[in-house]
Engineer: 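Right, I'll just put the structure down here and ask away after.
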Amino acid sequence: MMFDDESPFRKKVYRACQCIPEGRVTTYKHLAQAIDCNSSQAVGQALRNNPYAPEVPCHRVIKTNRRLGGFYGQVEGEAVLKKKNLLQQEGVIFDNDDRINKACIFTF
DNA sequence: ATTATGACTTATT
DNA sequence: GAATAAGCCATAA
């Protein structure tokens with residue numbers, strides 16, 4: 001995937017995103033740090049309308065508090081359930097408090 | 001150039 | 001725990 005029409009920032013976000021292995025997740029913050037950006041919010045902004053799903057596995061990016069975060073522009077509802085299902089299919093473990101297990105978190 | 005808007009995070013109350 | 005405010009920074013208008 002070339003991402004040629006995208007801004008340099010978005011290229012970095014998408015490339016970093018593709019480094020997350022199946023069955024693991026990372027956080028908006030870690031991803032931001034990996035691309036030398038100081039705004040996890042800007043990363044969320046770039047993934048908000050990710051044109052390359054699921055080629056770019058943006059469902060593997062979650063919040064720092066180990067909760068899910070958004071999907072397809074939604075912060076709650078069907079889209080978020082789908083995100084959870086995708087992750088569970090890949091083997092990501094959810095704890096009893098509905099947070100993602102620490103062992104599943106991938107760090108760059 | 002300026003303003004507004006977030007799939008965020010941290011600190012505070 | 002919930003709600004608020006402030007900081008962050010790329011985009012779109």
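Lettering follows sequence order; numbering is per chain, from 1.
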Engineer: In whole angstrom, what separates A/Gln41's CD from B/dT5's P?
Structural biologist: 13 Å
Engineer: For A/Thr27, report the nucleic acid contact type (base, sugar-phosphate, nothing); a contact means any heavy atom under 4.0 Å.
Structural biologist: nothing
Engineer: Under the criterion side chain to side chain contact (heavy atoms under 4.5 Å, CB included), I'd like the reasoning laid out for A/Leu47 against A/Val13: C-alpha separation, chi angles, the key distance, then a yes or no.
Structural biologist: CA-CA 8 Å; A/Leu47 294 178; A/Val13 173; 3.7 Å; yes
Engineer: Counting N and O atoms only, with roles assigned by atom type, does the side chain of A/Arg60 sit under 3.5 Å from a partner on the main chain of A/Leu87, one being a donor and the other an acceptor?
Structural biologist: no
Engineer: Establish, with yes or no, whether the OP1 or OP2 oxygen of C/dC8 is under 4.0 angstrom from a side-chain nitrogen or oxygen of A/Asn38.
Structural biologist: no
Engineer: Is the distance from OP1 or OP2 of C/dT11 to the nearest side-chain N or O of A/Ser7 less than 4.0 Å?
Structural biologist: yes
Engineer: Compare the minimum distances between each of B/dT9, B/dT5, C/dG1 and the side chain of A/Gln45, then state the nucleotide with the smallest one.
Structural biologist: B/dT5
Engineer: Rounded to the nearest angstrom, tell me the gap between atom CD in A/Gln33 and atom P in C/dC9.
Structural biologist: 12 Å
Engineer: Would one find a side-chain N or O of A/Lys29 under 4.0 angstrom from OP1 or OP2 of C/dC8?
Structural biologist: no
Engineer: Output yes when at least one side-chain N/O atom of A/Arg10 is less than 4.0 Å from OP1 or OP2 of C/dT11, else no.
Structural biologist: yes
Engineer: With heavy atoms under 4.0 Å as the rule, sort A/Phe9 into base, sugar-phosphate or nothing.
Structural biologist: sugar-phosphate
Engineer: Would you call A/Lys12 and A/Asp36 a salt bridge, taking side-chain N to carboxylate O under 4.0 Å as the test?
Structural biologist: no
Engineer: Nearest whole angstrom, please: distance from the C1' of C/dC8 to the CD1 of A/Ile35.
Structural biologist: 13 Å
Engineer: Could you go through the side chain to side chain contact (heavy atoms under 4.5 Å, CB included) check for A/Tyr52 and A/Met1 one step at a time?
Structural biologist: CA-CA 9 Å; A/Tyr52 305 100; A/Met1 191 65 61; 3.8 Å; yes
Engineer: Could you state the atom-to-atom distance from CG of A/Asp36 to P of C/dC8 in whole Å?
Structural biologist: 15 Å
Engineer: Nearest-nucleotide wise, let me know which of A/Arg67 and A/Ala42 is further upstream toward the 5' end of DNA chain C.
Structural biologist: A/Arg67
Engineer: Quick one: A/Leu68 CG to B/dC8 P, roughly how many Å, whole number?
Structural biologist: 11 Å
Engineer: Find the distance A/Phe3:CZ to C/dA10:C1' and express it as a whole number of Å.
Structural biologist: 17 Å
Engineer: Out of C/dC9, B/dC8, C/dG1, which nucleotide sits closest to the side chain of A/Cys37?
Structural biologist: C/dC9
Engineer: Validate the cation-pi geometry between A/Lys84 and A/Phe94: distance from NZ or CZ to the six-membered ring centre under 6.0 Å, angle to the ring axis within 45°.
Structural biologist: yes
Engineer: What is the distance from OH of A/Tyr28 to P of C/dG7, rounded to the nearest Å?
Structural biologist: 24 Å
Engineer: Rounding to a whole Å, what distance do you find between A/Leu47:CG and C/dA10:P?
Structural biologist: 14 Å
Engineer: Given B/dT9, is OP1 or OP2 found less than 4.0 Å from the side-chain N or O atoms of A/Thr64?
Structural biologist: yes
